[in-house]
Amino acid sequence: MNHSLVLVVNCGSSSLKLAIVEPESGRRFVEALAERLFTAQADMTIHSREAGKTVISLPDADHAQAFEVFAAHLSTEKEMTSRIIGVSHRVVHGGEYFRCPVLVDGDVLQKINACSGLAPLHNPANLQGIHAAIRHFPELPQVAVFDTAFHQTLPETAYLYAIPYELYEKHQLRRYGFHGTSHNYLMLEAARRLGRPADQLNLLTLHLGNGCSACAIRQGRSVDTTMGLTPLEGLVMGTRSGDLDPGLILHLLEHMDFSSKEVDELLNRRSGLQGLSGLSNDMRTLAQAAQSGNRQARLAIEVFCFRLAKNIAALSVSCAPLDALVFSGGIGENSVQIRQRTLVWLAPLGFAVDEQNNRVHGKDSDGRISPMNTPDVRVIPTDEEVMLARGAVSLIAGESP
């Protein structure tokens, strides 16, 4: 299957990201991003090696309509599309059903839908992407790759909540974890850079973007992570609260006349960096505002870094002795300030920052941003699309994913 291509489909709650990827090299032949779906401002930007950049307005479009526009664009590139051997879909929640990529069939679709209550913003959108791809490419195998799969190695001590056990037995109410495709990629890339097999490494990987999670990896297996039953648990995020006292939710419901829908809106879309700052969920905007003296922007950044450091310290009990701490995602890869402030909080555990290497994101030191006589800290760009493509190729080839 040398030089074969895979169409990678990643449906967010209000976005659609697509790419034509060569799995072996990681090269992209076409990339597209549809944003602000379901609004009058919706549009799609397509980058193609052949045609360059194209921006298309898609007012009020949904995922299926955006996919149709992309498919129409692909129809003009016959030579490239003839090399596509399958379609790989990112699916956020696979519950306890899926531990690895699977070929999509009726049973798989039913199980993805059954998990929609656990990821209501994502699984329905993922299903839209799958159905759209089946309509346009019925001859190609469709593969589902699950965010939760990498974390299916969590031990009971890490995935059980301290609630009546029958709620787990009957309803599978437990911690699942997310961003598994990213954490898996970071583990493999860290192993390559450190020159050691992944199953001999203990790592802490940080996926920090609008959604944020940390993962403890012991000997190549996820053993703890910050997200739980849903992607709401854990770190402070762009618009999500992360960890909070469950009693706060009860207070909102019982004493402040919030409906369950209003609580969901508050914690998923109006909290996190957005809620603390009252300004933005974008760390770049907050950094500029904080530098200009905006107190709430500065406070949001400090809370973000403190909570991140606290979770890193907690996760370290699952993967000691630690071989490396890895920063990734849009914030982790690009924010000098966030990495520096977080590592300052972790100084009692021996962590330190090499300011010069941190300033250039470790580009001159194979990603390392810590002094040589301190715990290894790396900046490693994540590549979920490559993992999605490779998972599909392995499955289509009849190999173990």
Side-chain angles (χ1 to χ4, degrees), residues 6-13 15-19 21-24 26 28 31 33 86-95 97-104 108 112 115 118-119 121-123 125-126 129-130 133 142-154 175-192 198 203-217 220-228 230-231 234-235 237 326-330 332-333 380-396 399-401:
V6 173
L7 168 57
V8 173
V9 181
N10 184 347
C11 290
S13 57
S15 66
L16 172 62
K17 188 175 182 181
L18 304 123
V21 180
E22 188 176 69
E24 190 174 339
R28 270 69 160 176
E31 291 184 282
L33 177 62
V87 185
S88 186
H89 299 267
R90 177 200 177 206
V91 180
V92 167
H93 215 307
Y97 297 118
F98 304 106
R99 302 179 70 92
C100 59
V102 295
L103 287 169
V104 173
V108 169
I112 292 172
C115 294
L118 299 175
L121 299 180
H122 296 92
N123 272 36
N126 301 154
I130 293 172
Q142 309 284 329
V143 176
V145 181
F146 298 87
D147 265 17
T148 47
F150 183 62
H151 302 299
Q152 283 295 296
T153 54
L154 263 61
R175 304 182 68 249
Y176 288 97
F178 300 89
H179 295 140
T181 306
S182 178
H183 290 298
N184 192 7
Y185 176 86
L186 295 173
M187 175 189 72
L188 297 173
E189 180 61 14
R192 187 190 69 80
L203 303 167
L204 270 172
T205 53
L206 311 175
H207 179 103
L208 307 176
N210 191 50
C212 300
S213 68
C215 180
I217 299 170
R221 295 160 63 91
S222 172
V223 292
D224 200 2
T225 187
T226 51
M227 285 181 167
T230 74
L235 306 174
M237 303 177 226
V326 178
F327 282 87
S328 194
E333 294 167 28
I380 299 179
T382 193
D383 197 334
E384 294 174 276
E385 284 79 19
V386 161
M387 291 298 289
L388 289 164
R390 289 175 182 170
V393 164
S394 295
L395 193 62
I396 293 166
E399 302 168 4
S400 176

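By convention here, the first residue in the shown sequence is residue 1. Here the structure is a predicted model, which is why all the values come from computation and not from measurement.
Under the side-chain contact (heavy atoms from CB on, under 4.5 Å) criterion, L33 pairs with K17, E35, not counting sequence neighbours. For M187, the side-chain contact (heavy atoms from CB on, under 4.5 Å) partners are F150, N184, A198, L203, I217, not counting sequence neighbours. Take R28 and apply the salt bridge (Lys or Arg N to Asp or Glu O under 4.0 Å) test, not counting sequence neighbours, and it matches E31, D383, E385. Under the side-chain contact (heavy atoms from CB on, under 4.5 Å) criterion, A125 pairs with C11, H63, not counting sequence neighbours. In this structure, the side-chain hydrogen bond (donor to acceptor under 3.5 Å, both in side chains) partners of T382, at least two apart in sequence or on a different chain, are S182. For N210, the side-chain hydrogen bond (donor to acceptor under 3.5 Å, both in side chains) test picks out N281, with sequence neighbours left out. Contacts of N126 classified as side-chain hydrogen bond (donor to acceptor under 3.5 Å, both in side chains), with partners at least two apart in sequence or in another chain: none. With sequence neighbours left out, the ring pair (Phe, Tyr, Trp, His ring centres under 6.0 Å) criterion links Y97 to no other residue. Looking at residues two or more places apart in sequence or on another chain, you find a side-chain hydrogen bond (donor to acceptor under 3.5 Å, both in side chains) between H183 and T205, S213. Looking at residues two or more places apart in sequence or on another chain, you find no salt bridge (Lys or Arg N to Asp or Glu O under 4.0 Å) involving R390. Every residue two or more places apart in sequence or in another chain was checked for a salt bridge (Lys or Arg N to Asp or Glu O under 4.0 Å) with R99, and none qualifies. Residues forming a ring pair (Phe, Tyr, Trp, His ring centres under 6.0 Å) with Y176 (at least two apart in sequence, or on another chain): H93.
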With side-chain contact (heavy atoms from CB on, under 4.5 Å) as the test, would you mind laying out the steps for L154 and R175 before giving the verdict? CA-CA 9 Å; L154 263 61; R175 304 182 68 249; 4.3 Å; yes
What's the verdict on side-chain contact (heavy atoms from CB on, under 4.5 Å) for V143 and V104, showing C-alpha distance, side-chain angles and the deciding distance? CA-CA 6 Å; V143 176; V104 173; 5.9 Å; no
Working note: L188 + M387, criterion side-chain contact (heavy atoms from CB on, under 4.5 Å); need CA distance, chi angles, decisive distance, verdict. CA-CA 10 Å; L188 297 173; M387 291 298 289; 3.9 Å; yes
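The minimum heavy-atom distance between E333 and S328, with the atom names listed, is OE2-OG, 3.1 Å. Between G95 and C115 the shortest heavy-atom distance is N-SG, 3.6 Å. Taking each heavy atom of F178 and T230 in turn, the nearest pair found is CE1-C, 3.2 Å. Taking every heavy atom of both residues into account, G26 and V386 meet most closely at CA-CG2, 3.6 Å.
Note that CG of L235 is 7.5 Å distant from CE of M227, once rounded to the nearest 0.5 Å. For the atom pair H179 NE2 and R90 CZ, the distance stands at 6.0 Å (nearest 0.5 Å).
Side-chain N or O atoms of T153 include one that pairs as donor or acceptor with a backbone N or O of S222 at under 3.5 Å.
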